[in-house]
Enquirer: 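One structure, pasted below without further comment.
Chain naming here is simple, since letters A, B, ... match the order of the sequence lines and numbering starts at 1 in each.
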Number of protein chains: 2
Amino acid sequence: MKQMVTAKDVAKLAGVSQSSVSRVYFEGAKVSAKTRAKVLAAAEELGYHPNEFARSLITNRTKIIGLVMKGVQNPFYPQVLKQFTTAFKKQGYSVLFVHTQNEELQREDVETLLNYNVAGVIITDATMSLTVAEDFRANRIPLVFFNRKLNTGGFYSVCCNNLNASREVARYLIGKGAKDFAYISGNSDTSTSREREEGFVEILEQSGIPYRIYQSDYTYEGGYQTALNMLEGGHLPAAVFAGNDIMALGVIDAFRKKSIHVPGDTKVIGFDNIDMAGWPGYGLTTWEQPIEKMVEETIHYLMDEIEEYKGFGRALEIEGRLVERETV
Amino acid sequence: MKQMVTAKDVAKLAGVSQSSVSRVYFEGAKVSAKTRAKVLAAAEELGYHPNEFARSLITNRTKIIGLVMKGVQNPFYPQVLKQFTTAFKKQGYSVLFVHTQNEELQREDVETLLNYNVAGVIITDATMSLTVAEDFRANRIPLVFFNRKLNTGGFYSVCCNNLNASREVARYLIGKGAKDFAYISGNSDTSTSREREEGFVEILEQSGIPYRIYQSDYTYEGGYQTALNMLEGGHLPAAVFAGNDIMALGVIDAFRKKSIHVPGDTKVIGFDNIDMAGWPGYGLTTWEQPIEKMVEETIHYLMDEIEEYKGFGRALEIEGRLVERETV
DNA sequence: CTGAAAGCGCTTACAG
DNA sequence: CTGAAAGCGCTTACAG
């Protein structure tokens, strides 16, 4: 149906061989300036574009990175997506975007990634079963878990240091004189929520400070509802640590609704430092995830492994920082 | 480097021809149940995946849709992205995600799309020069502008009916008794902002109601700052229509900061109906864009044109609806 | 229903 | 520096 312009067409018009046309478009190949000029002129006239598929077929490598995302609702992820796409563009890579509904990447999505023979894969905010992960390994496709850790070893993951962060958060809140805490967890099957809980609780236990854990789901509505439930249960803690910012915003709005003053009556702290945390309407004190650094490290690793596959695994943890605003 | 398992390998193990292996994986081809079983078993054992690149090369069509986005910061777009990806997955298509910084799609990004010989392209929240658009036409690649109109004809675009919407918004506000209006525009080079301004102003002119136009940029900070500027200029209109929700939220927060009560002192209405508009903290009255319908129509058109390219152009406008909450 | 063979548009040794 | 030729992993007429 589609009438593609091929290197052969260009070669004919330019009066050179098809190999020469190829060389003009292949980085690192040598062509004389004269040939190049002829080819470029002919290509321009015909509207030629080298076919990436033919190229990938023969070189046996692609310039595609598979980017898998789950939580597109959380404003944290659009930022991540944007940073990845622009960074990869600079490296000459394109991104194949895969959206998954589930916490675990489905086999069907993996098939797609494998069929396209992607150069590398980033799994954001989701995990996958070990057997599926092994599929990538068998195909020597480098894989990074971004903001999520796999409990089974041997894989590369890039996270914020959640354990340290939540310890710091606990110490900070204690330093502010709070005597009674709540932690609102995200989805319990996520490593981030588990670690944030663990570090937080660890310090509270050490200090003998009472606390309660509320189970939620990393959404605004979840945070809102949880705060309401707290109040209905007659429990207003001196400080609440929400597993992420978007829940913290829900908590603040629920408190506001019930005329509970933040930080006067109770303190609220979040995690991520999404744009909205800085909005004057909220002024949320939070722990900032070093996205830029995390993205950078992810790409660095991926490029190394694409260059030479080693299947190197490691749980990389990058330190974030406290951002003080008005809710503590 | 990478040792791919090919159809040939599977054929050898299964004791059939390579053609038979191909037929098992190609929809619509006929194979006996016995052959299929043998092939599937062998494929499973070897971990075979058909190479999409070889497939595309021979069929001369791809299962990739190029999705171009600009405004990933606006929460409106993650929703759009998610809907597109899931809908395309159902149709067996994958999405190549392209992020552009500029209002106009850069040639470099177009090259990528062309090199991958994408089956279709969606341009979201951005436009492109006519010469670039012609590149797609020359390659018979269907193209849709989503939420943006090209002033030059002949292209397909899917938008909310912005003109009607803003007329309705004006009538609604007038009906609420407001006597003095402001419109806060988004980036002036966008068709959406121009049309929303036009429809709004049209009704106000007809009714002889005074108004002012404030130039802004579709961001929260822009809305916030504009509202502050209004007040500093000594102008508190009876109602402000913000070109999108995210600006409206900024306006509300600025008013709140200055102790101006919404909707008591002034009314605020937005456009989009992003998730946050419904948050209890804001309760923003707004005009809802029918995203689901818009996505559906876009995909419908694209699939038709992929099936048989006609290069059919049209500015499709879909009616949205008013969502009344607490700011008017 | 199945297999042998041609060919999709490229890259890349190999000669010259 | 350039061209002729092989080959990447598939699909698809064409016979049988």
Enquirer: Figure out the CZ/C1' separation between A:Arg55 and D:dG7, and round it to whole Å.
Expert: 17 Å
Enquirer: Could you tell me how the ring of A:Phe84 sits relative to the ring of A:Phe146: parallel (under 30°), tilted (30 to 60°) or perpendicular (over 60°)?
Expert: perpendicular
Enquirer: Among D:dG3, C:dT2, D:dC1, which nucleotide has an atom closest to any side-chain atom of A:Lys30?
Expert: D:dC1
Enquirer: Is there a side-chain contact (heavy atoms from CB on, under 4.5 Å) between A:Val158 and A:Ile122? Walk through the geometry before answering.
Expert: CA-CA 10 Å; A:Val158 176; A:Ile122 299 167; over 6 Å; no
Enquirer: Using heavy-atom distances to pick each residue's nearest nucleotide on DNA chain C, tell me which of B:Lys34 and A:Asn51 is more 5'.
Expert: B:Lys34
Enquirer: Cut-off 3.5 Å, side chains only: do A:Asn74 and A:Tyr218 have a donor facing an acceptor?
Expert: no
Enquirer: Base, sugar-phosphate, or nothing for A:Glu52, non-hydrogen atoms under 4.0 angstrom?
Expert: nothing
Enquirer: Should the pair A:Arg55 and B:Phe53 be classed as cation-pi, given the thresholds of under 6.0 Å to the six-membered ring centre and 45° from the axis?
Expert: no
Enquirer: Just call it for B:Val21: base, sugar-phosphate, or nothing, with non-hydrogen atoms closer than 4.0 Å on any strand.
Expert: nothing
Enquirer: Write down the distance between NE2 (B:His49) and P (D:dC10), rounded to a whole number of angstrom.
Expert: 11 Å
Enquirer: So, is A:Ser32 close to the D:dT2 phosphate, meaning a side-chain N or O under 4.0 Å from OP1 or OP2?
Expert: yes
Enquirer: Searching all strands shown, indicate the nucleotide that pairs with C:dA13 (Watson-Crick or G-U wobble; both distances under 3.5 Å).
Expert: none
Enquirer: Of all the choices, D:dG9, C:dA4, D:dG3, which nucleotide is nearest to the side chain of B:Ser19 once you look at every atom?
Expert: C:dA4
Enquirer: In the strands shown, is D:dA4 matched to any nucleotide by a Watson-Crick or G-U wobble pair with both distances under 3.5 Å, and which?
Expert: none
Enquirer: Whole angstroms only, please: what is the CG-C1' distance between A:Leu57 and D:dA6?
Expert: 13 Å
Enquirer: Once you round it to whole Å, what is the distance between P of D:dT11 and CD1 of B:Ile58?
Expert: 8 Å
Enquirer: A:Glu27 CD to C:dT11 C1': how many Å, rounded?
Expert: 14 Å
Enquirer: Should B:Ser22 be listed as having a side-chain N or O under 4.0 Å from OP1 or OP2 of D:dT12?
Expert: no
Enquirer: So with a 6.0 Å cut-off around NZ of A:Lys30, is the heavy-atom count from everything else above 12?
Expert: no
Enquirer: Identify which nucleotide among C:dG3, C:dT12, C:dG9 has an atom closest to any side-chain atom of A:Thr59, counting heavy atoms from C-beta outward.
Expert: C:dT12
Enquirer: What's the closest nucleotide to the A:Arg23 side chain, out of C:dC14, C:dG3, D:dT11?
Expert: C:dC14
Enquirer: Report yes if at least one side-chain N or O of B:Thr6 is closer than 4.0 Å to OP1 or OP2 of D:dG9; otherwise report no.
Expert: no
Enquirer: A:Arg61 CZ to C:dT11 P: how many Å, rounded?
Expert: 12 Å
Enquirer: With the threshold set at 4.0 Å, does a side-chain nitrogen-carboxylate oxygen contact exist between A:Glu134 and A:Arg137?
Expert: yes
Enquirer: Report yes if at least one side-chain N or O of B:Tyr48 is closer than 4.0 Å to OP1 or OP2 of D:dC10; otherwise report no.
Expert: yes
Enquirer: Can you tell me how far C1' of D:dG7 sits from CG of A:Asn60, to the nearest Å?
Expert: 12 Å
Enquirer: Could you tell me how far apart A:Phe26 (CZ) and C:dT11 (P) are, to the nearest whole angstrom?
Expert: 6 Å
